[in-house]
Structure formats: C-alpha cells, structure tokens
Amino acid sequence: MPRKAKTEETVVTDENILHENDMETENAPAPEASGIDSESPDPLSGDMDAGFSTDEETVEGSAPTSDEVSAMESPDTADPLPPIEETASPDENGSESTLPSGDEANPAAENGKMPEASPDEAAPKPARKGKKVSTPKTAVPDTPTPARKASPPSILTLSADAEVETPESREDTIWHELQNAYRTRKILTGTLGGVEKMEGGGTIAVVYYKEMRVVIPLAEMMINLVEDAAHDYGELVQRQNKILGNMLGCEIDFIIKGLDNASRSIVASRKDAMYKKRQIFYLPDANGISRVCEDRIVQARVIAVAEKVVRVEIFGTECSILARDLSWDWLGDATERFHVGEQILVRILSVKVHSLEDISVKADVKSTGGNTSKENLSKCKIQGKYAGTVTDIHKGTVFVRLHIGVNAVAHSCYDNRLPGKKDEVSFVVTRIDAERNVAVGLISRIIKQNI
C-alpha cells in the first residue's frame, strides 16, 4: 500500500531510527510478548500511547489528525526531546491515520523480544507545538456525602424531668403488665365493652383493660341461672345473652388464661377470678372470721339495672336488690338513680356459704343512709295540698312521691284523666300514717302528664 509522507522537516537522532520495513503493511501482526496485553498500551514504547491516545469522540479506526495534537510538557524531563517523524496511512474509510515512526512502532517483530527502553525513551516525550494531545481521562472521585447522624431515640420535653409516653410505648408497657399478670395469676379489672358471636355459634364477651382487648367465653362469665320446672324462662343461652347485654359497661374481674405474643390476643376467665375472690373474702381465715359477714357495710359494683331491681357484684358473688330496698324514697324507676358501672355501698343482711361454688348473699342499700321520712312527715298538714310525682300504680292504688320528701298513697282521683307513671299531680293529705311513715289522701288534679 502506498505511503504518504509529510514534507515537514524532522530531526532524526541516533536513538530514533526509522524502521520503514515494519510499517509497510497496514495489517502487520502485533508483536507477542509474555506478560503484555496486545491491546493495552505498551509500557516500553515510551510516549507513543501517552502522546497519541484516542479520545472518546475520535472515530473508530482513525487516529487524531495533526490539528488535534497539542504540546505537552513532561513533568519528569526538563529538556524536551526533538519531535519525531509521523507517517500517515489511509484507513479503510479513506481517512488518514497518523502513525508514529521509529521505536514507537515496536521494532521487535523479527526477534519476538522487546528492546530495553532507556530512561529517556521511557519518559513521555512532548509533541509538536500547535498539536493537540489527548490525555487519558482519570476518574475524579465524587465528594463523599457526610454521614447523617442518627437522632436520639428519646423525646425532647419542655421540662427536664418529664417523660412523654407515646402510644407504642404505652402499649408495650401494658403488654408487659399483662404478661406478668399471666405468670402470677393476678386478678385484673376491666370494662365489659362488647358481646360478639363467633362463626361457630359461640358467644364471647370483649373486655378492655387499658385499651387492650381481652376475650372471655360465655361459659367463663359465670352467669348462673336457675333452670328447673318452677323457673322456666325459655332457653338458657338466650337468657344468658340477654343478661350479658344488660351488663355492658360494667366492671368485671378476670384472670388471664392464655396470650399470644405475635398477635397480642388475650383469653381470660371471669369464673376463676370470682372463685379466687370468694376464697379470700367469704371463707373463714385462721381465726374463723370471714371478711364479708352479716351487718357489715361493703362496697359493691353495679353490673345491671332494671326498672325495679339492681344487680350488684359483692366480692365475687352476684346479688339482686329490689327497688324497695334501694332507698327510703319510693322509686318509680331505678335507672334514674343507679347506672351500670358505678360503685355503691350496701349492707350485708345475710350470708350463706355452702361451698365455694354455692354462696348466696342478701343486701340492701337504704340501710346505709339515714331515714329522713319521719322528719319530712312532720312537714305535712292535714288538708294540705302538695305537688308530687306518681311513682307506681298497682290495683287502682296510686303511689306518689311528694316534693317535700314524703311518700303518699292515693286511692282516688278527681281529675277526668287517669293518672300515669311519672305524671305531676296535686295531692291533698287527708290522713297521716305514722307507723308506715306515709301520707294518705287523694289526687285533686293532674298538673302535667308524662306522655
């Protein structure tokens, strides 16, 4: 292939001898050397690759032209070396590729050995002035991003000694308390918050202890009902569900029977808690004295309220108190004065302990307070008219609670309308019964009907 030589003057030294025979063919095989990659730059060829390495924008197969080479001064060599002659050979696309001549052409093709390079040859040589040299690009390390410091886990409070309790920490504290109660079989107190039916047909009571859900099966709620021929009130399960529904909102005791750490579900028993409290408060101690005994005033929980009866729990034993034993005043509706969930004082009238499972208690509420009926009865005058409220009607007899605090009984009514419960009436006193502490008279008229 013909070679196109440049007319520029070059200075040839003894060390740079042109080997034109090695450059005659374009497809000359690359020399093989042990330990040297044929595609990598030759470390012994001096400045050939350092001065004429191709840039990323250079077309593949073509070397940089003379206008793209710039002068480069070697930092290790003080005296610049004379430039070398360059030869240009056309490539397959017709473009000229500039190849260095001399030792840079790797003249050891005949022997298969690489000549030893002198220190002057090993040093990078400057290119001709006015030509651009493409130097290898070096990766610039990115500026390391400063590591973000982790914030303290504690919450910064306004007061130095104060602590803020998050919902997560509160839940963990409650769960730890429940785990300890499960191991020690401690009696806990929660609020009956719901009644649910399971898919299998069973019924469960949902109790909330400090916002934690506790499940109690219906069989463990200890709702004992009399079931015999004399007390046939229908199906037992339906009655238990009705009573359980009336107990919503009351406080009950329970003992944890099992818990699951993964789902944080809890199953408990009210029966076990009530038996344990019975053993503590009803069975006699070493001295033969029981804590719950007759004529003692104790505190009880209201677990259900009806119109004429209030059901309370007295240390593991349930007891029903009728309306006449709730107050010295006549009550038309017990729900107006008592409500589920409150705690009241009761006096124990009698206690019968047959076994731990069979304990019956009778109590009343009115004996815990003073009777003011006698004092108020002295305020009534015969033929006096007083306003009152109808509390009950039974077989034509109207029971009235006067606003001055006296119980009254009326056997007749002069109003054309019939009196009803909770009606406001005008009562005329005709007689005073000191033995029963009631005033006897009649209803002159109905002031306001309760419709």
Between [atom1] of [X] and [atom2] of [Y], what distance do you get to the nearest 0.5 Å?
X: Ile256; Y: Arg183; atom1: CD1; atom2: CZ; result: 10.5 Å
X: Arg278; Y: Ser290; atom1: CZ; atom2: OG; result: 14.0 Å
X: Ile404; Y: Phe427; atom1: CD1; atom2: CZ; result: 10.0 Å
X: Ser360; Y: Glu318; atom1: OG; atom2: CD; result: 13.5 Å
X: Leu326; Y: Phe338; atom1: CG; atom2: CZ; result: 4.5 Å
X: Phe254; Y: Glu220; atom1: CZ; atom2: CD; result: 13.5 Å

Residue pair [X] / [Y]: nearest heavy atoms and the distance that separates them:
X: Cys319; Y: Ala363; result: SG-N, 3.9 Å
X: Leu377; Y: Asn437; result: CD2-CA, 3.9 Å
X: Cys380; Y: Ile432; result: O-CD1, 3.7 Å
X: Gly249; Y: Thr191; result: O-CG2, 3.9 Å
X: Ala334; Y: Ala306; result: CB-O, 3.4 Å
X: Ile348; Y: Val298; result: CD1-CG2, 3.8 Å

Item to check | Test applied, salt bridge (Lys or Arg N to Asp or Glu O under 4.0 Å); reference residue, Asp253; option that passes from Lys276, Lys277, Arg270 | outcome: Lys277

Checklist outcome for this item: residues 376-394 vs salt bridge (charged side-chain N to carboxylate O under 4.0 Å, His left out), sequence neighbours excluded, gives Lys308-Asp392

Checklist outcome for this item: Residue pairs meeting salt bridge (charged side-chain N to carboxylate O under 4.0 Å, His left out), one or both in residues 355-372, sequence neighbours left out, come to none

Return the set of residues passing salt bridge (Lys or Arg N to Asp or Glu O under 4.0 Å) with [X] (not counting sequence neighbours), or none when no residue passes.
X: Asp272; result: Lys257
X: Arg417; result: Asp415
X: Arg185; result: none
X: Asp285; result: none

Checklist entry - Among pairs that include at least one residue of residues 336-351, which meet side-chain hydrogen bond (donor to acceptor under 3.5 Å, both in side chains), considering only residues two or more places apart or in two chains? => result Glu251-Gln343, Asp295-Arg347, Gln299-Gln343, Ser327-Arg337, Glu336-Lys422, Arg347-Ser367

Checklist entry - Does CD in Glu294 sit with more than 12 non-hydrogen atoms of other residues, nucleotides or ligands closer than 6.0 Å? => result yes

Checklist entry - Is the number of heavy atoms from other residues, nucleotides or ligands under 6.0 Å of Arg436 CZ greater than 12? => result no

Item to check | Trace of the side chain to side chain contact (heavy atoms under 4.5 Å, CB included) decision for Leu218 with Asn241 | outcome: CA-CA 8 Å; Leu218 181 61; Asn241 290 335; 3.6 Å; yes

Item to check | Chi angles and distances behind the side chain to side chain contact (heavy atoms under 4.5 Å, CB included) call for Asn180, Lys186 | outcome: CA-CA 8 Å; Asn180 292 336; Lys186 179 182 177 181; over 6 Å; no

Checklist entry - Can you tell which of Ile344, Val361, Ile303 makes a side chain to side chain contact (heavy atoms under 4.5 Å, CB included) with Val312? => result Ile344

Checklist entry - Taking it one step at a time, do Asn407 and Thr391 satisfy side chain to side chain contact (heavy atoms under 4.5 Å, CB included)? => result CA-CA 10 Å; Asn407 297 328; Thr391 59; over 6 Å; no

Checklist entry - Which residue pairs pass the ring-ring contact (aromatic ring centres under 6.0 Å, His included) test with at least one member in residues 148-205, sequence neighbours excluded? => result none

Next on the checklist: What I want to check is whether the side chains of Gln383 and Thr430 have a donor and an acceptor closer together than 3.5 Å.
Outcome noted: no

Quick one: are [X] and [Y] in side-chain contact, heavy atoms under 4.5 Å?
X: Val207; Y: Ile266; result: no
X: Glu171; Y: Arg264; result: yes
X: Tyr208; Y: Arg213; result: yes
X: Glu177; Y: Tyr209; result: yes
X: Ile216; Y: Ile252; result: yes
X: Leu248; Y: Val340; result: no
X: Asn261; Y: Gln179; result: yes
X: Ile243; Y: Met247; result: yes

Name each donor-acceptor pair under 3.5 Å that joins a side chain in residues 441-451 to protein atoms two or more places apart or in another chain, with its distance.
from: Ser444; atom 1: OG; to: Ser426; atom 2: O; distance (Å): 3.2
from: Ser444; atom 1: OG; to: Ser426; atom 2: OG; distance (Å): 3.0

Checklist entry - With sequence neighbours excluded, what pairs up with Trp330 under the ring pair (Phe, Tyr, Trp, His ring centres under 6.0 Å) test? => result Phe399

Checklist entry - Can you name the ring pair (Phe, Tyr, Trp, His ring centres under 6.0 Å) partners of Tyr282, sequence neighbours left out? => result none

Checklist outcome for this item: Across all chains, not counting sequence neighbours, the side-chain contact (heavy atoms from CB on, under 4.5 Å) partners of Thr335 are Val305, Asp333

Checklist entry - Would a distance-only check, ignoring hydrogens and angles, find a side-chain to backbone donor-acceptor pair under 3.5 Å from Asp423 to Gly420? => result yes

Next on the checklist: side chain to side chain contact (heavy atoms under 4.5 Å, CB included), that's the test. Do Met221 and Gln240 meet it? Break it down for me.
Outcome noted: CA-CA 10 Å; Met221 284 296 295; Gln240 289 178 338; over 6 Å; no

